[in-house]
Amino acid sequence: MASEKVETVIAGNYVEMEREEGDSKSSESKLSRYFWHGGSVYDAWFSCASNQVAQVLLTLPYSFSQLGLLSGIIFQLFYGLMGSWTAYLISILYVEYRTRKEREKVDFRNHVIQWFEVLDGLLGKHWRNVGLLFNCTFLLFGSVIQLIACASNIYYVNDNLDKRTWTYIFGACCATTVFIPSFHNYRIWSFLGLMMTTYTAWYLTIASLVNGQIDGVTHSAPTNMVLYFTGATNILYTFGGHAVTVEIMHAMWKPQKFKLIYLIATLYVLTLTLPSASAVYWAFGDKLLTHSNALSLLPRTGFRDTAVVLMLIHQFITFGFACTPLYFVWEKFIGVHETKSVLKRALVRLPVVIPIWFLAIIFPFFGPINSTVGSLLVSFTVYIIPALAHMVTFASASARENAVERPPSMIGGWVGSYSMNGFVVAWVLVVGFGFGGWASMLNFIQQIDTFGLFTKCYQCPPHKA
């Protein structure tokens, strides 16, 4: 009974909104909805899969050269499942929060619910503040990483300009995402983004196998703990893309159907990441240790240039995915979040892009920065905090009894859920944040010592006269 009521409440607002928008201009409205205004289960799946594997696809072979083939495969499978579990927890907490609020007659039609608001509503302001700090910082650096990746990739097609100059150019290009109102409007972009990543992943796999192993290739990983845990935290980062889960769910007509979407998206992503990382590592081995972007080692062909261009477009899309929640937070802070003027919201959003642009120029370390962000920010944002929040929210017997969504019996109900949550917190705290933070910071500092801050062209080969 309860679940049926929840579904009606949650779906109702969106159905009404769709009818209001679709009455006046039927043909234009239908075309707009087809390309621009998504909210189905399929839209959510495309958004999750597209957002999860972007530029990190190009750095996973680098991680394999740090971890070794076997450890690389195991960590991908392990963190893929762990990420799917915590995304499931976030979805449960979102539905719990939204159901409670809508029973109080709160209307969310002009308001996008975010993770820190879920924490605030369920657990209070201290949880909200911690969640807001970690989530915003992670998304800020997630946007920085996409911008760095744009400059790193385009350099392999056109090296007439250095990577720093390309960062200036793509910073201006990515600033145009301020005009995309919400995750509803990523329908066509999510679909195209995933197709682009799929092409690039299979290009990496096939090109590596066709070109074969380089002369004298060696596969010595793992060689030391610093490299090993740096590689592991990059994979932790790879499957920690669910910092935007709440915003993606809120864009769905029926958010309670999200539960298994992230897991299915992860399974698809693994069909891209495992073959490509394994093939590139097989072909180039230890040479990847000094080439964090896998595209830099493959010969320039039309296929490679196509992969670069497609990844550039996808990184623009992923920049929007990471930055849009930051835009929402800033809009709420300024007080314009519920305005219907796209232009007004776009102008207010522009200051958010400036620090991202600046940080991408200071720390252009494509590859090592992923591991640092993974260990220090992703570990808490999408693993530890959701697991702890779920445990505290349902700590009392009455909360468990009245829960909108209960843990499935196949995992052992509440006992199994708490056991898994406890394991996630302990593992990520010790291995992800502890060992991973130590290793990735050492590696990051080494990059600063070697190349310096504001380096003009990170890992660029010497220019031929």
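All values below were derived from every heavy atom in this structure, side-chain atoms included, with hydrogens, water molecules and symmetry-related copies excluded.
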Polar contact flag, side-chain donor to acceptor under 3.5 angstrom, [X]-[Y]:
X	Y	result
Asn234	Thr59	yes
Asn153	Trp166	no
His390	Tyr418	no
His111	Glu117	yes
Ser47	Ser190	yes
Gln114	Glu247	yes
Asn443	Ser440	no
Gln76	Thr273	yes
Thr306	Tyr203	no

Nearest atoms (heavy-atom pairs only) where Leu270 meets Pro275: O-CD, 3.6 Å
Should [X] and [Y] count as an ion pair when the cut-off is N to O under 4.0 Å?
X	Y	answer
Lys332	Glu338	no
Arg100	Glu104	no
Glu331	Arg349	yes
Arg406	Glu401	yes

Assert yes or no for the condition that the ring centre distance of [X] to [Y] is strictly below 6.0 Å.
X	Y	result
Phe363	Phe444	yes
Trp189	Tyr186	no
Phe394	Trp414	yes
Trp357	Tyr168	no
Tyr88	Tyr262	no

Any residue meeting ring pair (Phe, Tyr, Trp, His ring centres under 6.0 Å) with Phe78, in chain and number order, not counting sequence neighbours: Trp427
Test ring pair (Phe, Tyr, Trp, His ring centres under 6.0 Å) applied to Phe191 - qualifying residues, sequence neighbours left out: Phe46
From SG (Cys323) to CH2 (Trp330), nearest 0.5 Å: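 Interatomic distance, Cys323 SG to Trp330 CH2, rounded to 0.5 Å: 12.5 Å.
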